[in-house]
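Here's the structure we're looking at; comments come further down.
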Amino acid sequence: MILNFADKGYFIIRKAINPTLSKKIRSEIFKNLNVSGKNENKKYNTFCKKVIKVKSKDYHEYTKPLFEFLHHRGYLEKIFLEKKIYRAVSELLGKDLAYCTDPGINLNVPSNKGVKKGYQFKAWHQEIWSGASASTIQFWTPLIQKNSRSGQIEFITDSHKWGHVPHKNRMPVELPKNFKTKKLNLEYGDVIIFSTLLIHRSVETDHPRMAMPCLIKNFKNREFSFETNRNFHIYSYSEMTKLERIWGNHYLSPFRIKDINEKKN
């Protein structure tokens with residue numbers, strides 16, 4: 001699965017999140033937003049009516065509690081420990097894994113829904129512009145959407161090989177004259193994992209949507225970025241790290257855990 005990551009800068013995992021878990025997360029989001037309806041289509045329509053009434057300046061505070069809820073209730077850890085996701089990420093980074101707990105739910109509300117300017121439709125950018133390390137990866141999955149064709153992310157193919165692209169005011173100041181792009185069409189439960197150097201942007205849509213981007217890193221890697229200013233939650237330990245936790249400290253204090261004089265039954 002990850003063999004072409006170096007070449008493509010990303011990989012997509014279809015049906016990575018169990019449908020039961022995916023549906024439960026949507027249900028929890030709707031419940032937290034006081035969205036009701038007989039089925040998901042009705043709930044989505046109610047969701048759209050609610051979010052267009054929220055002032056754009058309040059959108060971050062609107063989504064922040066949702067991310068914190070999903071984190072503290074263990075839903076995010078369940079996602080990252082899903083078999084397909086965990087296998088792919090651990091093959092790429094190893095098993096000493098942590099995900100960023102800084103609130104990371106994006107809410108896109110298009111301008112045709114009464115908002116003066118579409119919210120959080122980000123222009124071309126690299127995640128390293130926000131302080132992410134080049135050895136960290138970006139996780140992205142849709143949470144609430146009308147359908148997979150209603151607009152998600154577009155990225156520039158092979159751009160992860162260009163290095164740090166010059167930018168100003170969160171906009172690239174220089175791009176090649178000719179480049180190819182690719183747009184996503186992820187269903188619920190699908191995820192994309194990509195390099196923090198892969199240039200990407202939001203795709204405009206006529207329908208409100210919610211998605212979750214999240215940084216994942218190997219917490220044993222030395223930091224050469226501003227990621228130390230962010231919060232991360234450890235959710236996986238390698239066998240060597242498990243052994244270090246048994247030893248307790250780097251002095252390897254003798255007999256810290258096990259009483260060698262303990263009689264065996």
Side-chain angles (χ1 to χ4, degrees), residues 1-32 35 37 39-45 47 63 66-67 69-71 73-95 97-100 104-108 127 136-155 157 160 181-196 198 200-203 205 207-218 233 235-236:
M1 180 181 299
I2 69 166
L3 292 179
N4 59 354
F5 184 80
D7 183 48
K8 297 177 65 176
Y10 74 94
F11 55 85
I12 293 172
I13 312 177
R14 300 289 181 181
K15 299 180 180 179
I17 303 172
N18 183 286
T20 301
L21 176 59
S22 181
K23 187 174 182 178
K24 179 65 175 176
I25 290 172
R26 290 195 299 279
S27 176
E28 293 285 10
I29 291 174
F30 285 139
K31 186 187 299 183
N32 273 266
V35 169
N39 53 50
E40 284 207 1
N41 287 334
K42 294 288 186 181
K43 290 179 180 179
Y44 176 77
N45 291 333
F47 162 78
T63 60
L66 296 178
F67 184 89
F69 174 85
L70 295 177
H71 167 54
R73 290 298 182 91
Y75 287 109
L76 297 187
E77 190 159 320
K78 287 180 180 179
I79 289 175
F80 296 126
L81 288 175
E82 284 279 59
K83 289 183 179 179
K84 289 183 179 180
I85 299 172
Y86 182 72
R87 182 171 65 247
V89 172
S90 60
E91 284 182 15
L92 191 63
L93 298 180
K95 293 187 176 181
L97 300 171
Y99 65 84
C100 186
I105 289 181
N106 284 347
L107 172 62
N108 296 136
E127 291 305 318
T136 295
I137 55 176
Q138 178 82 338
F139 173 98
W140 193 97
T141 191
L143 294 178
I144 306 291
Q145 62 182 15
K146 184 174 179 62
N147 54 56
S148 62
R149 299 171 301 283
S150 60
Q152 294 178 349
I153 289 179
E154 181 179 22
F155 55 84
T157 57
H160 64 296
T181 66
K182 182 177 179 65
K183 293 181 180 179
L184 299 184
N185 60 337
L186 302 187
E187 303 284 352
Y188 287 140
D190 295 344
V191 307
I192 181 172
I193 292 171
F194 58 93
S195 166
T196 55
L198 188 70
H200 58 288
R201 68 179 177 183
S202 304
V203 176
T205 176
H207 309 283
R209 65 180 181 227
M210 229 178 232
M212 188 187 74
C214 193
L215 295 173
I216 304 176
K217 70 175 182 178
N218 183 315
H233 171 75
Y235 70 95
S236 174

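Heavy-atom basis, side chains included; hydrogens, waters and symmetry copies ignored. By convention here, the first residue in the shown sequence is residue 1.
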Which value, rounded to the nearest 0.5 Å, describes the distance between [X] atom [atom1] and [Y] atom [atom2]?
X    : Y    : atom1 : atom2 : value
T141 : I85  : OG1   : CD1   : 7.0 Å
L184 : H200 : CG    : NE2   : 10.0 Å
L143 : M212 : CG    : CE    : 6.0 Å
I137 : I193 : CD1   : CD1   : 5.0 Å
F80  : I216 : CZ    : CD1   : 4.5 Å

For the residue pair [X] and [Y], what are the closest heavy atoms and their distance?
X    : Y    : result
I17  : L21  : CG2-CD2, 3.9 Å
G151 : V203 : CA-CG1, 4.0 Å
S148 : E187 : OG-OE2, 3.0 Å
Y86  : S236 : OH-OG, 2.8 Å
I13  : A88  : CD1-CB, 3.9 Å
M210 : L107 : CE-CD1, 4.1 Å

For the side chain of [X] and the backbone of [Y], is there at least one donor-acceptor N/O pair under 3.5 Å apart?
X    : Y    : value
N218 : L93  : yes
E82  : N18  : yes
H207 : T205 : no

Determine the sole option in W140, F155, F194 for which the ring pair (Phe, Tyr, Trp, His ring centres under 6.0 Å) test with Y10 is passed. F155
Under the criterion side chain to side chain donor-acceptor pair (under 3.5 Å), which of Q152, R26, R209 is the partner of Q145? Q152
With side-chain contact (heavy atoms from CB on, under 4.5 Å) as the criterion, how do I105 and L70 come out once you've worked through the C-alpha distance, each side chain's angles and the decisive distance to 0.1 Å? CA-CA 10 Å; I105 289 181; L70 295 177; 4.2 Å; yes
So, do I79 and I25 sit near enough that their side-chain heavy atoms are less than 4.5 Å apart? yes
Within a strict 4.5 Å, meaning less than it, do heavy atoms of the F69 and I29 side chains meet? no
For [X], side chain to side chain contact (heavy atoms under 4.5 Å, CB included) partners two or more places apart:
X    : answer
K43  : F30, V35
N41  : N39
K24  : E28, Y75
L215 : C100, A132, T136, Q138, T196, E227, R230, F232

Could you check whether the rings of Y44 and F47 sit parallel, tilted or perpendicular, using 30° and 60° as the cut-offs? tilted
Just grab all the salt bridge (Lys or Arg N to Asp or Glu O under 4.0 Å) pairs involving residues 9-18, residues at least two apart or on different chains. R14-D190
Tell me which pairs pass salt bridge (Lys or Arg N to Asp or Glu O under 4.0 Å) where either residue lies in residues 144-155, with sequence neighbours left out. E154-R201
Test E40 against Y188 for side-chain contact (heavy atoms from CB on, under 4.5 Å), laying out the working first. CA-CA 12 Å; E40 284 207 1; Y188 287 140; 4.3 Å; yes
Given the side-chain rings of Y99 and F139, with only the six-membered ring counted for Trp, is the space between their centroids under 6.0 Å? no
